[in-house]
Amino acid sequence: MREVACVNGQFMPLAEACISVNDRGFLFGDSVYEVARTYEGRVWALDRHLERLRRSLEGIQIEGVDLNAVRANMLEAYQRSGFDNAVIYVQITRGAGPRSHVPDGPMKPTILITVRLCKGAREEQVRNGVEVILVDETRWARRDIKTTNLLPNILALQQAHARGAHEAVFVTDDGWVHEASHSNLFIVSGGVVRTPPKGPALLPGITRDLVLECARRAGIPAEELPVSREALLSADEVFLTGTSSEVLGVVRIDGQPVASGTVGPITRRLHALYQDRVAAGDDA
Ligand code: PDD
């Protein structure tokens with residue numbers, strides 16, 4: 001088993017992969033990305049990830065990318081890696097050229113795919129839940145586009161780690177909570193699951209959608225409505241979703257326990273339902 005890269009259709013060991021210093025992804029963060037994972041030999045929710053990638057490319061007007069070729073290269077890179085449970089990262093930049101804010105002419109996008117072992121959430125984190133901190137929302141207004149401009153997310157997560165927490169949840173000036181640095185956010189109050197609605201304020205997480213579907217199929221009331229800081233702090237349960245961490249209970253916010261301070265029953269149920277979907281390969 002080995003880490004593999006594919007740069008513009010050429011496969012190689014990850015450690016040997018190179019990108020031009022003139023690449024706009026490197027110079028300006030002028031690029032979008034996707035992170036998919038595999039379970040036991042199968043890429044999970046691949047169609048959904050490719051559709052979001054298409055939307056991200058459209059969102060920053062990168063044209064001329066053959067997503068069928070990207071799909072084929074993702075699958076081949078995964079196969080070459082030999083890993084069962086892998087993380088497949090795809091980054092598409094506007095291309096390489098002399099540094100200038102606006103490119104002089106048409107560019108050829110750079111397409112990077114990497115495959116590495118998936119670590120996922122630790123069993124103890126799933127069982128006992130994690131702590132989050134609240135941080136000011138400092139990101140740009142199009143958070144629905146999965147761009148590689150992640151500086152606010154990185155600084156927020158660094159702050160969380162420095163305080164011994166797992167994630168940082170962004171709170172806007174007017175007290176709304178949309179998501180965390182690399183996960184979507186859900187609350188449960190009075191038996192009703194709630195997550196903020198899709199729109200420019202947050203990334204439309206693939207896991208978020210799958211978990212909402214799990215809830216609705218199981219007859220658990222689930223709504224997509226704004227979540228205020230107060231609603232978050234007074235929720236019966238809080239959980240995060242993301243490709244590698246799946247469904248992860250939040251038991252402390254800024255050092256204060258969420259309800260009883262343990263992973264709640266609906267969070268556990270949704271975690272189990274999500275595992276069932278994964279085991280069934282049900283990602284359509
Ligand atoms: N992060 N919100 C943000 C800001 C994210 O970066 C992510 C994923 C999510 C969850 O989306 P999904 O369920 O599709 O993974 C929500 C990826 C994994 C990353 O940046 O590594």
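The first residue in the sequence is number 1, and the count goes up from there. Excluded from the calculations below are hydrogen atoms, water molecules and symmetry mates; all remaining heavy atoms, backbone and side chain alike, are included. Atoms within each ligand, like the ligands themselves, are counted from 1 in listed order.
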*Asks:* Which atoms of ligand 1 are found less than 4.0 Å from any heavy atom of Thr243?
*Replies:* 12 (P), 13 (O), 14 (O), 15 (O)
*Asks:* For ligand 1, note which part of Ser244 has a heavy atom under 4.0 Å away: side chain, backbone, both or neither.
*Replies:* neither
*Asks:* Taking the basic N atoms (NZ, or NE/NH1/NH2) and the acidic carboxylate oxygens, is any pair closer than 4.0 Å for Glu51 and Arg55?
*Replies:* no
*Asks:* Is any side-chain N of the basic residue among Glu223 and Arg216 closer than 4.0 Å to the acidic one's carboxylate O?
*Replies:* no
*Asks:* In the protein, which heavy atom is nearest to atom 7 (C) of ligand 1, and how far is it?
*Replies:* His182 O, 3.4 Å
*Asks:* Any atom of ligand 1 sitting under 4.0 Å from a heavy atom of Tyr33?
*Replies:* yes
*Asks:* Is there a donor-acceptor contact under 3.5 Å from the side chain of Glu137 to the main chain of Val171?
*Replies:* no
*Asks:* Which residue supplies the protein heavy atom nearest to atom 10 (C) of ligand 1, what is that atom called, and how far is it?
*Replies:* Asn184 OD1, 3.6 Å
*Asks:* Mind checking whether Trp44 and Tyr39 have parallel, tilted or perpendicular rings, split at 30° and 60°?
*Replies:* perpendicular
*Asks:* Which protein non-hydrogen atom lies closest to atom 17 (C) of ligand 1, naming both residue and atom, and how far is it?
*Replies:* Lys146 NZ, 3.4 Å
*Asks:* In this structure, does ligand 1 have an atom that sits under 4.0 Å from one of the heavy atoms of Pro204?
*Replies:* no
*Asks:* Return the minimal non-hydrogen interatomic distance between Val227 and Ile187, and the atom names on each side.
*Replies:* CG1-CD1, 4.0 Å
*Asks:* What I want to know is whether His49 and ligand 1 share at least one N or O pair that is separated by under 3.5 angstrom.
*Replies:* no
*Asks:* Going by the order shown, which atoms of ligand 1 are within less than 4.0 Å of some heavy atom of Val35?
*Replies:* 18 (C), 19 (C), 21 (O)
*Asks:* Distance to the ring centre below 6.0 angstrom and angle to the axis at most 45 degrees; does that hold for Arg80 and Phe11?
*Replies:* yes
*Asks:* Check this for me, if you would: do Arg52 and Asp209 make a salt bridge, where the nitrogen-to-carboxylate-oxygen distance has to be below 4.0 angstrom?
*Replies:* no
*Asks:* Give the numbers and elements of all ligand 1 atoms closer than 4.0 Å to a heavy atom of Ala180.
*Replies:* 4 (C)
*Asks:* Quick check on contacts: which atoms of ligand 1 are under 4.0 angstrom from a heavy atom of Ser183?
*Replies:* 2 (N), 3 (C), 9 (C), 16 (C)
*Asks:* With atoms numbered from 1 as shown, which atoms in ligand 1 lie under 4.0 angstrom from a non-hydrogen atom of Glu179?
*Replies:* 2 (N), 3 (C), 4 (C), 16 (C)
*Asks:* Are His178 and Phe170 close enough, and set up right, to give a ring-ring contact (aromatic ring centres under 6.0 Å, His included), and what steps lead you there?
*Replies:* CA-CA 7 Å; His178 300 300; Phe170 292 109; 9.7 Å; no
*Asks:* Within the 4.0 Å heavy-atom shell around Thr207, which atoms of ligand 1 are there?
*Replies:* 12 (P), 13 (O)
*Asks:* Looking only at non-hydrogen atoms, which of Arg37, Arg48, Arg52, Arg143 approaches atom 14 (O) of ligand 1 most closely?
*Replies:* Arg52
*Asks:* List ligand 1 atoms under 4.0 Å from Gly205, heavy atoms only on the residue side.
*Replies:* 11 (O), 12 (P), 13 (O), 14 (O)
*Asks:* Does an N or O anywhere in Leu203 fall below 3.5 Å from an N or O of ligand 1?
*Replies:* no
*Asks:* Is the Phe83 to Tyr78 ring centre distance short of 6.0 Å?
*Replies:* no
*Asks:* In terms of the angle between their ring planes, are Phe186 and Phe239 parallel, tilted or perpendicular, with boundaries placed at 30° and 60°?
*Replies:* parallel
